[in-house]
Protein chains: 2
Amino acid sequence: MKNYEVIYQAIESGILKGVYEAGAYLPSENKLRQTYHVSRDTIRKALSLLTANGYIQKIQGKGSLVLKREQLRFPVSGLTSYKELQNSYGYDSSTDVVSLKKIIIDKKMADVTGFEISSVCWELIRTRAIDQKKVILDKDILLTAIVPEMDTEIAKDSIYRYFENQLNLNIAFAEKEITIDALTNEDRDLLDLNQHDINIVSVKSRVFTSDARQFQYTESRHQVDKFRFFDFARRHPSTM
Amino acid sequence: MKNYEVIYQAIESGILKGVYEAGAYLPSENKLRQTYHVSRDTIRKALSLLTANGYIQKIQGKGSLVLKREQLRFPVSGLTSYKELQNSYGYDSSTDVVSLKKIIIDKKMADVTGFEISSVCWELIRTRAIDQKKVILDKDILLTAIVPEMDTEIAKDSIYRYFENQLNLNIAFAEKEITIDALTNEDRDLLDLNQHDINIVSVKSRVFTSDARQFQYTESRHQVDKFRFFDFARRHPSTM
DNA sequence: CAGTGGTCTAGACCACCAT
DNA sequence: TGGTGGTCTAGACCACTGA
């Protein structure tokens, strides 16, 4: 077995067993180098695997932060924004802002969104139309502490472009969950669905900055026959 | 801009523009090192990004093979096998083999599966039960050139375990597509669906070995309310 | 300022592939 | 055998963090 794989597994099991707790930092690369009697590059290879598999987030000048594990986690990756989805359907698409207001997170919303209770957030609801049909309903919750300003002009465009170009927000990773839900009345009101539809695809995600602070929760609801998720998957990131 | 990012983009655009054609090899790491006047590690960093993003497959002793691009490709990753899914639901699950036979790929199947016309393949159909309810229908097409032997005993267990432990098959990557389809009569016959269901989740994938040969096509059909896809996603693999 | 991670180098040896 | 990628080393310098 390769050195960096051994070290990867040692640290992984340390995280799983709670030796390294979520929210704390791993020993520094230098410490680990001494512990395992290997070069720094070998340590870095092990850590980059842990990063790729969602165990840690490295923060320059600070260390390797152990991430909270939400349930069991498949070793997968990929962000999908509306602007990316757009390309699947060409450019005959548009965005409508349904509502934009500030809200305060209560217990229930805290569980759903992952934000702390009594955080102040923007709540943004938009519909996305493809070929003049509204087929996607986007509900965004944005932490005002990180995104202080928001208006319908920005919301009509890509909020991600605003984050990255204007706010210099460094978006690092996201957790995403895809499920098939029953249609709600809100879905029926805001979208142009097919008569016979009874289901909708729900893509829920939590998005984090490079210093591992969550700033966004999104639920994106897609008409079932307009939904398509494409995935390129590697089995052993270790043997790249 | 960092050196390896510059090189990554140079090679990426070379692939996109067809300077490096799919099926051909990139210049060796040594050549690239000379071309860009950097160390081999810097080249390797750029290549590992190209690998992570699905552009190339490195093959030891041969080189970096440029992969065919199927449509646009999100920068995503992750394999999900039934055995992994199982963990979401605990271990009260079982597999039934519906049929297993050899088939020859015709034009239509070639388009669907990605295999060449007149390849000889195993066609394996199985149902997966959770809590005594059959909720997943798996249809596998396996290239006999790579998987010469298959029987219902193996198929009842994990075929992946057989691939990796018995055949020493090195599974490297997969392309996967998730869509929501209308129920077919076959779905109704073989699965224990809810009365009111009209949709089913279809996960289609093509699976490749580490020398970039496709050996499997799978369609996995999941009852909508039993389907859940969890994803951990990084925005900039470059800035790990 | 000291400590952390991020980038880059030059060189070594190994495993694998083709000839 | 020579060329390829895979692993590992020791050291350098930079960018960022926090006291």
Side-chain angles (χ1 to χ4, degrees), chain A residues 1-9 11 20 24-52 55-67 168-170 172-173 209-213 234-240, chain B residues 1-9 11 20 24-52 55-67 168-170 172-173 209-213 234-240:
Chain A
M1 180 109 78
K2 291 125 198 177
N3 256 342
Y4 68 85
E5 284 183 341
V6 175
I7 296 168
Y8 169 85
Q9 289 184 4
I11 299 177
Y20 305 121
Y25 288 89
L26 292 182
S28 75
E29 295 182 352
N30 244 314
K31 294 265 177 55
L32 290 170
R33 184 176 58 69
Q34 289 162 24
T35 303
Y36 292 101
H37 306 289
V38 295
S39 76
R40 191 173 156 223
D41 240 40
T42 302
I43 292 295
R44 285 180 61 75
K45 213 163 212 167
L47 293 183
S48 85
L49 279 185
L50 289 162
T51 304
Y55 286 108
I56 62 172
Q57 172 71 13
K58 304 186 91 177
I59 303 178
Q60 193 169 102
K62 300 183 79 172
S64 300
L65 181 65
V66 180
L67 297 176
N168 269 317
L169 260 188
N170 206 333
F173 61 94
T209 62
S210 53
D211 55 0
R213 292 180 300 161
R234 288 202 170 270
R235 179 85 171 178
H236 292 304
S238 43
T239 58
M240 294 202 321
Chain B
M1 180 110 79
K2 290 126 197 174
N3 256 342
Y4 68 85
E5 284 183 341
V6 174
I7 296 168
Y8 169 85
Q9 290 184 3
I11 299 176
Y20 303 122
Y25 287 89
L26 291 182
S28 75
E29 295 183 350
N30 245 313
K31 295 267 177 56
L32 290 170
R33 183 176 58 69
Q34 289 162 23
T35 302
Y36 293 100
H37 305 290
V38 295
S39 77
R40 191 173 156 223
D41 240 40
T42 302
I43 293 295
R44 284 179 62 74
K45 214 164 211 166
L47 293 183
S48 85
L49 279 185
L50 290 162
T51 305
Y55 286 107
I56 62 172
Q57 173 70 14
K58 304 185 93 179
I59 303 177
Q60 194 170 101
K62 299 183 79 172
S64 300
L65 181 64
V66 180
L67 297 177
N168 269 318
L169 261 188
N170 206 332
F173 62 95
T209 61
S210 53
D211 53 1
R213 291 180 302 161
R234 290 203 168 267
R235 178 87 169 177
H236 294 303
S238 43
T239 58
M240 291 199 326

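Note that the structure is predicted; figures quoted are calculated from it, not measured. Sequence lines set the chain letters: A, B, ... in the order given, protein chains first and strands last, and positions in each chain run from 1.
Remark: the backbone N or O of A/Asp211 is not paired with any side-chain donor or acceptor of A/Gln57 at under 3.5 angstrom.
In this structure, B/Lys45 NZ and B/Lys2 NZ are separated by 9.5 Å, a value rounded to the nearest 0.5 Å. Interatomic distance, CD1 of B/Ile43 versus CD1 of B/Ile11, reported as 6.0 Å (0.5 Å rounding).
Partner of B/Ile7 under the side-chain contact (heavy atoms from CB on, under 4.5 Å) criterion, chosen from B/Leu47, B/Thr35, B/Thr42: B/Thr42.
Nearest heavy atoms, B/Ser64 versus B/Lys58: OG-CE, 3.7 Å. A pairwise comparison of heavy atoms in B/Leu32 and B/Pro27 identifies CD1-O, 3.5 Å as the closest pair.
Taking atom CG of residue A/Leu26 and atom C1' of nucleotide C/dG5, one finds them 12 Å apart after rounding to whole Å. Across the protein-nucleic acid pair, A/Leu32 atom CG and C/dG5 atom P stand 8 Å apart, rounded to whole Å. Separating the CZ atom of A/Arg44 from the P atom of C/dT4 is a distance of 14 Å, rounded to the nearest angstrom. Regarding B/Ile43, its CD1 atom lies at a distance of 16 Å from the C1' atom of D/dG6, rounded to whole Å. A/Tyr25 places its OH atom 13 Å from the C1' atom of C/dG3, with the value rounded to the nearest Å. What separates OH of A/Tyr36 from P of D/dT7 is a distance of 19 Å, to the nearest Å. Atom CG of A/Asn30 and atom P of D/dT17 are 19 Å apart (whole Å). One interatomic measurement links the two molecules: CD of B/Gln34 to P of D/dG3, which rounds to 11 Å at whole-angstrom precision.
Proximity of A/Ser28 to the phosphate of C/dT4: a side-chain N or O atom is located under 4.0 Å from OP1 or OP2. Between A/Lys58 and C/dT4, a side-chain N or O to OP1/OP2 separation shorter than 4.0 Å is absent.
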(message) For nucleotides 8-18 of chain C, give me one character per nucleotide, 5' to 3': B if any protein heavy atom sits under 4.0 Å from the base, S if the only such contacts are to the sugar-phosphate, - if neither.
(response) SB--B--BBSS

